[in-house]
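The structure appears below as structure tokens.
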Amino acid sequence: MQWFLSKTERLVDSASLFAANMAAMVLLVLVVLTCIDVVGRYFFNNPLVGAVELVQICMGLIIFLTFPIMFLRGDHVVVDLIPQFGRGRIGWAVAIAFLFITIGVAVTLGDRVWDYASRAYEDGDITEYLRIPRYPVVALITIAIFAAAAVSLLRALVLLTKPAKDFSAETETTESRDDT
């Protein structure tokens, strides 16, 4: 089981890295788009038509395409209000509980966004100025949300196969690295 989870974790890491690289490319497009808009606006008095719509699409893609790698590597913001719950068996149980809560929230969010993508497809919903169909972007966002839920499930399975005593040693090592 451990071998299978290890191989799956490496495969998921590669897929998540691919999504993060796509987000980086979208960020590059956003930078170029903003530069063109600013130069056109201030030097030629001719702003880029539909720049606001393109920025909104790019921002949505950047945010949601980074979800899988963020969930896999645990790079999200964590506020530790009660540090005693972060160590030992209690920390292990709390981490697993929060992963399952995360899975539930991500699946619920993905379901709602998928409903929106379906409606956008059926209604032929398009953006206001550039008339870009909304459903492909929203469908890609939905896939990223479901991928983040799957990644959280993988992390939960990895934690379930790891004894609580190993979890406490791993947390103490991470905390000592954070202090330096």
With a 3.5 Å cut-off and sequence neighbours excluded, list the donor-acceptor pairs that the side chains of residues 26-54 form with protein atoms.
| unit_1 | atom_1 | unit_2 | atom_2 | d |
| --- | --- | --- | --- | --- |
| T34 | OG1 | L30 | O | 2.8 |
| D37 | OD1 | R41 | NH2 | 3.4 |
| D37 | OD1 | L48 | N | 3.0 |
| D37 | OD2 | R41 | NH2 | 3.1 |
| E53 | OE1 | T127 | OG1 | 3.1 |
| E53 | OE1 | L130 | N | 3.0 |
| E53 | OE2 | E128 | N | 2.9 |
| E53 | OE2 | Y129 | N | 2.5 |

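Between R119 and Y135 the shortest side-chain heavy-atom distance does not fall below 4.5 Å. The shortest side-chain heavy-atom distance between L72 and P68 does not fall under the 4.5 Å cut-off. Inter-residue side-chain proximity for R134 and I126 is flagged as unmet; no heavy-atom pair is nearer than 4.5 Å.
Evaluation of the salt bridge (charged side-chain N to carboxylate O under 4.0 Å, His left out) test over residues 148-161, restricted to residues two or more places apart or in two chains, returns none.
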Item to check | Trace of the side chain to side chain contact (heavy atoms under 4.5 Å, CB included) decision for L61 with M22 | outcome: CA-CA 9 Å; L61 287 173; M22 284 178 48; over 6 Å; no

Next on the checklist: Run the side chain to side chain contact (heavy atoms under 4.5 Å, CB included) test on Y116 and D125 for me, step by step, so that the C-alpha distance in whole Å, both residues' side-chain angles and the decisive distance to 0.1 Å come before the verdict.
Outcome noted: CA-CA 10 Å; Y116 175 67; D125 195 12; 3.5 Å; yes

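Side-chain heavy atoms closer than 4.5 Å link hydrophobic residues (I, L, V, M, F, W, Y) into clusters, and following such links, even through other members, never connects I143 to V12. When the side chains of ILVMFWY residues are joined at heavy-atom separations under 4.5 Å, either directly or via intervening members, L154 and L17 end up in two distinct hydrophobic clusters. Clustering ILVMFWY residues whenever any of their side-chain heavy atoms sit less than 4.5 angstrom apart, transitively, puts L11 in a cluster other than the one holding I69. Two different hydrophobic clusters hold I141 and Y121 under the rule that ILVMFWY side chains link at heavy-atom gaps under 4.5 Å.
The backbone N or O of A139 sits nowhere less than 3.5 Å from a side-chain atom of W114 that would complete a donor-acceptor pair.
R10 meets the side-chain hydrogen bond (donor to acceptor under 3.5 Å, both in side chains) test with S6; sequence neighbours excluded.
Here the closest non-hydrogen pair linking F64 and A144 is O-CB, 3.1 Å. Taking every heavy atom of both residues into account, A148 and F71 meet most closely at O-CD2, 3.5 Å. Here the shortest heavy-atom pairing between P136 and P133 reads CD-O, 3.4 Å. Taking every heavy atom of both residues into account, I103 and A149 meet most closely at CG1-O, 3.8 Å. Taking each heavy atom of L65 and A23 in turn, the nearest pair found is CB-CB, 3.8 Å. The nearest pair of heavy atoms linking W92 to L159 is NE1-O, 2.8 Å.
Here the straight-line distance linking atom OG1 of T8 with atom CG of D13 works out to 12.0 Å at 0.5 Å rounding. Note that the OG atom of S16 and the CZ atom of R73 stand 8.0 Å from one another [nearest 0.5 Å]. Within the model, atoms OG1 of T102 and CG of L153 stand 11.5 Å from one another, a figure rounded to the nearest 0.5 Å. Between atom CG of residue N21 and atom OG1 of residue T66 there is a gap of 12.0 Å, rounded to the nearest 0.5 Å. Separating the OG atom in S152 from the CZ atom in F67 is a distance of 10.0 Å, to the nearest 0.5 Å. To the nearest 0.5 Å, atom CE of residue M25 and atom SG of residue C58 are 12.5 Å apart.
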